[in-house]
Amino acid sequence: MDVERRQAPHAWSPGAGTAEAVSWRLVGANNHDLGRGPELHRGHTACHAAVVQLRDGLDRAVPLITMAATSNGTWTWQLAMDERCVAVAAREFRRQRECRDSLQLFLAAVIEGQVAAGVTYTRRLRGLRLPDAVQGNAS
């Protein structure tokens, strides 16, 4: 599992001297997201504890497959443990069967997965174009 630092939502913004917003994600061999943590944590230690809790309590986890909240006919899954969401799908699926298959892949990967030693810094910058790429001078 990979630890990912993301920008915190506007409601919680770490100030100077406080921990960063950290979340986890599980990636497959092809580096595609299989699932991720549903919440941000206040540091690497808290995030690691959430991953350990998921792995140790996987036998108690209850899967839920449902239509996505976007109401466009897509499906998503989440995993609950002790009535608390502990993992969510990394994306939405057009077919319920694809969603079920994704959940099964995630569950198998949680058992086999290794926790990465490092941290990946990410920001969602969709549509970002680098100056050289715009001019066609990419090397």
Practice task
Return the minimal non-hydrogen interatomic distance between Glu92 and Thr74, and the atom names on each side.
Solution key: OE1-OG1, 2.8 Å
Practice task
Report yes if the side chains of Met81 and Val62 come closer than 4.5 Å at any heavy-atom pair, otherwise no.
Solution key: no
Fill in the blank from the handout: When rounded to the nearest 0.5 Å, the distance separating CG of Leu107 from CD of Glu112 is 12.5 Å
Exercise for the section: Side-chain contact test, heavy atoms from C-beta onward, threshold under 4.5 Å: evaluate it for Leu79 versus Leu54 and give yes or no. Expected result: yes
Problem - Student check: side-chain heavy atoms of Trp75 and Thr66 closer than 4.5 Å - result: no
Practice task
Identify the heavy atoms of Ala87 and Pro38 that sit nearest to each other, and give their distance.
Solution key: N-CD, 3.8 Å
Practice task
Apply side chain to side chain donor-acceptor pair (under 3.5 Å) to Gln78 and list each qualifying residue two or more places apart in sequence or on a separate chain.
Solution key: none
Exercise for the section: Please examine the side chains of Leu40 and Val22, heavy atoms only from C-beta on, and report whether any two atoms are closer than 4.5 Å. Expected result: no
Exercise for the section: Identify whether Val88 and Leu58 are in the same connected component of the hydrophobic contact network (ILVMFWY, side-chain heavy atoms under 4.5 Å). Expected result: no
Exercise for the section: Check whether any side-chain heavy atom of Asp33 sits under 4.5 Å from a side-chain heavy atom of Arg91, and report yes or no. Expected result: no
Contacts under 3.5 angstrom, residues 96-105 side chains, donor-acceptor by atom type, not counting sequence neighbours:
residue : atom : partner : partner atom : Å
Glu98   : OE1  : Arg95   : N            : 3.4
Glu98   : OE2  : Arg95   : NH1          : 3.4
Ser102  : OG   : Trp77   : NE1          : 3.1

Exercise for the section: Name all residues meeting the side chain to side chain donor-acceptor pair (under 3.5 Å) criterion together with Asp82; count only those two or more places apart in sequence or in a different chain, and write none if there are none. Expected result: Arg60
Fill in the blank from the handout: Correct closest heavy-atom pair for Trp24 and Gly35 would be CZ3-O, 4.2 Å
Fill in the blank from the handout: Value for NE2 (His32) from CG (Leu26), rounded to nearest 0.5 Å, stands at 13.5 Å
Handout entry: Side-chain touch Arg84/Glu39, heavy atoms, less than 4.5 angstrom
Key = yes
Exercise for the section: State which residues pass side-chain contact (heavy atoms from CB on, under 4.5 Å) with Val52; sequence neighbours excluded, sorted by chain then number. Expected result: His48, Asp56
Handout entry: Spacing of CE belonging to Met67 relative to OG1 belonging to Thr76, to within rounding of 0.5 Å
Key = 11.0 Å
